[in-house]
Amino acid sequence: SVLNQEKGRIPKKEKPPFITFVLGGPGSGKGTQCAKIVENFGFTHLSAGDLLRNEISSNSENGAMILDTIREGKIVPSNVTVKLIQRAIESSDNDKFLIDGFPRTEENRRTYERIIGAEPNIVLFFDCPEDEMVKRVLSRNQGRVDDNKDTVRKRLEVFTSLNLPVINYYSQKGKLYKIRAVGTEDEIFEQVRPIFAAVESLLKLYDDSTRSNKDLLIFKVP
Ligand SMILES: Nc1ncnc2c1ncn2[C@@H]1O[C@H](COP(=O)(O)OP(=O)(O)OP(=O)(O)O)[C@@H](O)[C@H]1O
Ligand SMILES: Nc1ccn([C@H]2C[C@H](O)[C@@H](COP(=O)(O)O)O2)c(=O)n1
Ligand SMILES: [Mg+2]
């Protein structure tokens, strides 16, 4: 805005958004913890799975293909998912996002980098034992077509073979925050809270800055 320019600050839309990827196996608690981050830290939550399910319920041209893919526990073509994420980011007034359940594969990750032209600032990984994830998914009761024994088994295989390499990639880049996702929802959030408290301080510093220096947003473990 003019006011910001007068103070020598950067207008909001010219700043790159702060992007957090939220990863973890099926039922590890990504959506549950994202809701708490939204409530406590004002992020916008974009669940890749929810964006895809919206395409099914709005009868979009890709709806039938997405439904078949989700039923089989497989991964929807990356360009479809990335475009949904891009549209959601661009239509939001917020500048800090949780992208939940993405990237699921190395191909997802590369397609995001190619289309969006950026990497995430940080990546959360909810690390949960398989038997606990299965128990949570099978008692979720939200009418999801993929919350059944057969599809959960396939989703777990896809997680191990395709998502773990992505998690390792971000670990090697020093961007990964691993959360031990066992215990109550509140106990788990107490591991998440300090990460976002530190992010909040960093973003405040950046907001107050007159520089458009992206390096300020290279977040390091406090
Ligand atoms: N710490 C917890 N202890 C017990 N149950 C939990 C915990 N966290 C979440 N749940 C429950 O487990 C189920 C799965 O949680 P959630 O939907 O947040 O997982 P998710 O990682 O988003 O799964 P998906 O990848 O399948 O979307 C939900 O019914 C949720 O209420
Ligand atoms: N990047 C993504 C995210 C999700 N999907 C599909 C396949 C998943 O099994 C399903 C449900 O996702 P969830 O709500 O569990 O995060 O959606 C995908 O293809 N690509
Ligand atoms: Mg979820």
Side-chain angles (χ1 to χ4, degrees), residues 19-39 45-57 60 62-86 88 97-113 115-116 120 123-167 179-192:
I19 302 287
T20 302
F21 285 163
V22 181
L23 301 179
S28 58
K30 302 180 294 296
T32 304
Q33 294 298 321
C34 282
K36 289 180 179 289
I37 302 166
V38 168
E39 196 184 314
H45 176 206
L46 301 177
S47 155
D50 285 349
L51 291 170
L52 292 167
R53 282 183 285 271
N54 288 344
E55 289 294 285
I56 300 170
S57 44
S60 86
N62 288 318
M65 175 276 289
I66 294 171
L67 177 59
D68 285 348
T69 310
I70 287 181
R71 261 210 191 106
E72 288 173 29
K74 293 186 176 160
I75 301 297
V76 171
S78 298
N79 63 328
V80 172
T81 314
V82 172
K83 281 183 184 150
L84 292 173
I85 293 170
Q86 183 180 36
F97 296 91
L98 303 167
I99 306 187
D100 161 6
F102 184 94
R104 290 287 235 274
T105 64
E106 277 289 290
E107 205 237 336
N108 261 188
R109 177 182 73 69
R110 288 202 201 95
T111 306
Y112 178 95
E113 284 177 17
I115 294 181
I116 308 286
V123 179
L124 297 189
F125 167 38
F126 289 95
D127 188 20
C128 190
E130 225 174 86
D131 56 348
E132 177 67 21
M133 293 196 277
V134 172
K135 201 168 76 186
R136 289 182 192 172
V137 166
L138 296 182
S139 54
R140 179 155 46 189
N141 265 331
Q142 287 176 358
R144 278 178 52 163
V145 295
D146 52 351
D147 280 355
N148 58 73
K149 259 188 174 169
D150 280 353
T151 314
V152 172
R153 188 176 40 76
K154 289 180 192 157
R155 287 159 71 197
L156 284 167
E157 281 168 17
V158 167
F159 171 71
T160 305
S161 59
L162 300 178
N163 209 181
L164 282 183
V166 178
I167 289 164
I179 309 292
R180 198 174 121 72
V182 288
T184 66
E185 293 174 12
D186 287 344
E187 282 166 353
I188 295 166
F189 188 64
E190 288 317 311
Q191 296 176 64
V192 173

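Atoms within each ligand, like the ligands themselves, are counted from 1 in listed order. Predicted model only: the values in this text are computed from it and were never measured.
Distance check: Ile167 CD1 to Leu162 CG gives 11.0 Å after rounding to the nearest 0.5 Å. In this structure, CZ on Phe189 lies 10.0 Å from CD1 on Ile179, to the nearest 0.5 angstrom. The CZ atom of Arg153 lies 10.0 Å from the CG atom of Asn148; values are rounded to the nearest 0.5 Å. Atom CG of Asn62 sits about 9.5 Å away from atom OG1 of Thr69, to the nearest 0.5 Å. For the atom pair NZ of Lys83 and CD of Glu55, the computed distance is 12.0 Å after rounding to the nearest 0.5 Å. Note: Ile66 CD1 to Lys74 NZ = 15.5 Å, rounded to the nearest 0.5 Å.
Of the listed residues (Thr32, Val22, Asp146), the one carrying the non-hydrogen atom nearest atom 30 (C) of ligand 1 is Thr32. The nearest non-hydrogen atom to atom 31 (O) of ligand 1, considering only Glu185, Arg136, Arg140, Glu187, comes from Glu185. The closest heavy-atom contact to atom 3 (N) of ligand 1, among the options Ala48, Gly25, Gly183, Gly29, comes from Gly183.
Scanning all protein heavy atoms for the shortest distance to atom 22 (O) of ligand 1 gives Gly31 N, 3.0 Å. Nearest protein neighbour of atom 7 (C) of ligand 2, counting heavy atoms only, is Lys74 O, 3.3 Å. Looking from atom 5 (N) of ligand 2 to the surrounding protein, the closest heavy atom is Leu52 CD1, 3.4 Å. Among protein heavy atoms, atom 20 (P) of ligand 1 sits closest to Lys30 N, 3.6 Å. Scanning the protein for heavy atoms near atom 10 (C) of ligand 2, the closest one is Ile70 CG1, 3.9 Å. At the shortest separation from atom 3 (C) of ligand 2 among protein heavy atoms lies Gly101 O, 3.2 Å. The single protein non-hydrogen atom nearest to atom 23 (O) of ligand 1 is Gly27 N, 3.0 Å, given as residue, atom name and distance. Nearest protein neighbour of atom 12 (O) of ligand 2, counting heavy atoms only, is Arg104 NH2, 3.2 Å.
Note on ligand 1: Ser28 sits in its first shell, one or more heavy atoms being nearer than 4.0 Å.
Close N/O approach between Val76 and ligand 2 is found [any backbone or side-chain N/O within under 3.5 Å]. Ligand 1 has no nitrogen or oxygen under 3.5 angstrom from a nitrogen or oxygen of Glu132. The shortest N or O to N or O distance between Ser47 and ligand 2 is not under 3.5 Å. For ligand 1, the polar-atom distance check against Arg155 finds a nitrogen or oxygen pair separated by under 3.5 Å. For ligand 2, the polar-atom distance check against Lys30 finds no nitrogen or oxygen pair separated by under 3.5 Å. For ligand 1, the polar-atom distance check finds an N/O of Arg144 within less than 3.5 Å of one of the ligand's N/O atoms. By the 3.5 Å distance cut-off applied to N or O atoms, Asn108 is counted among the residues near ligand 2. At a 3.5 angstrom cut-off on N or O pairs, Phe102 does not count as close to ligand 2. For Thr81, no nitrogen or oxygen atom sits less than 3.5 Å from a nitrogen or oxygen atom of ligand 2, counting backbone and side chain alike.
Ligand-side atoms of ligand 1 in range of Pro26: 25 (O), 26 (O), range being under 4.0 angstrom from any heavy atom. Ligand-side atoms of ligand 2 in range of Arg53: 11 (C), 14 (O), range being under 4.0 angstrom from any heavy atom. Per-residue contacts place Ile188 under 4.0 angstrom from the following atoms of ligand 1 (heavy atoms of the residue considered): 1 (N). The atoms of ligand 2 that sit less than 4.0 Å from any heavy atom of Ile75 are 19 (O), 20 (N). Applying the 4.0 Å criterion to heavy atoms of Gly49 picks out, from ligand 2, the atoms 12 (O), 14 (O). Taking every heavy atom of Arg144 and a limit of under 4.0 angstrom, the matching atoms of ligand 2 come to 11 (C), 13 (P), 14 (O), 15 (O).
For the pair Ser78/Arg110, no side-chain contact is recorded, criterion being any heavy-atom separation below 4.5 Å from C-beta on. Under the 4.5 Å side-chain criterion, counting only non-hydrogen atoms from C-beta, Val166 is not in contact with Arg104. Gln86 places a side-chain heavy atom less than 4.5 Å from the side chain of Ile116.
The aromatic rings of Phe21 and Tyr112 lie perpendicular to each other, with more than 60° between the two planes, well past the 30° mark.
Although no hydrogens or angles enter the test, the distance criterion places no donor-acceptor pair under 3.5 Å between the side chain of Thr111 and the main chain of Asn79. Arg155 contributes a side-chain N or O that, together with a main-chain N or O of Asp146, makes up a donor-acceptor pair within less than 3.5 Å.
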Exercise. Run the salt bridge (charged side-chain N to carboxylate O under 4.0 Å, His left out) check on Lys135 and Glu132 step by step: do they pass?
Worked result: CA-CA 5 Å; Lys135 201 168 76 186; Glu132 177 67 21; 3.4 Å; yes

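Around atom CZ of Arg180, no more than 12 heavy atoms belonging to other residues, nucleotides or ligands sit under 6.0 Å away.
Between Glu157 and Lys154 no salt bridge is recorded (no basic side-chain N to carboxylate O distance below 4.0 Å).
With a 4.0 Å cut-off on non-hydrogen atoms, Val158 does not touch ligand 2 at all.
Of all heavy-atom pairs between Ile56 and Gly63, the closest is CG1-O, 3.7 Å.
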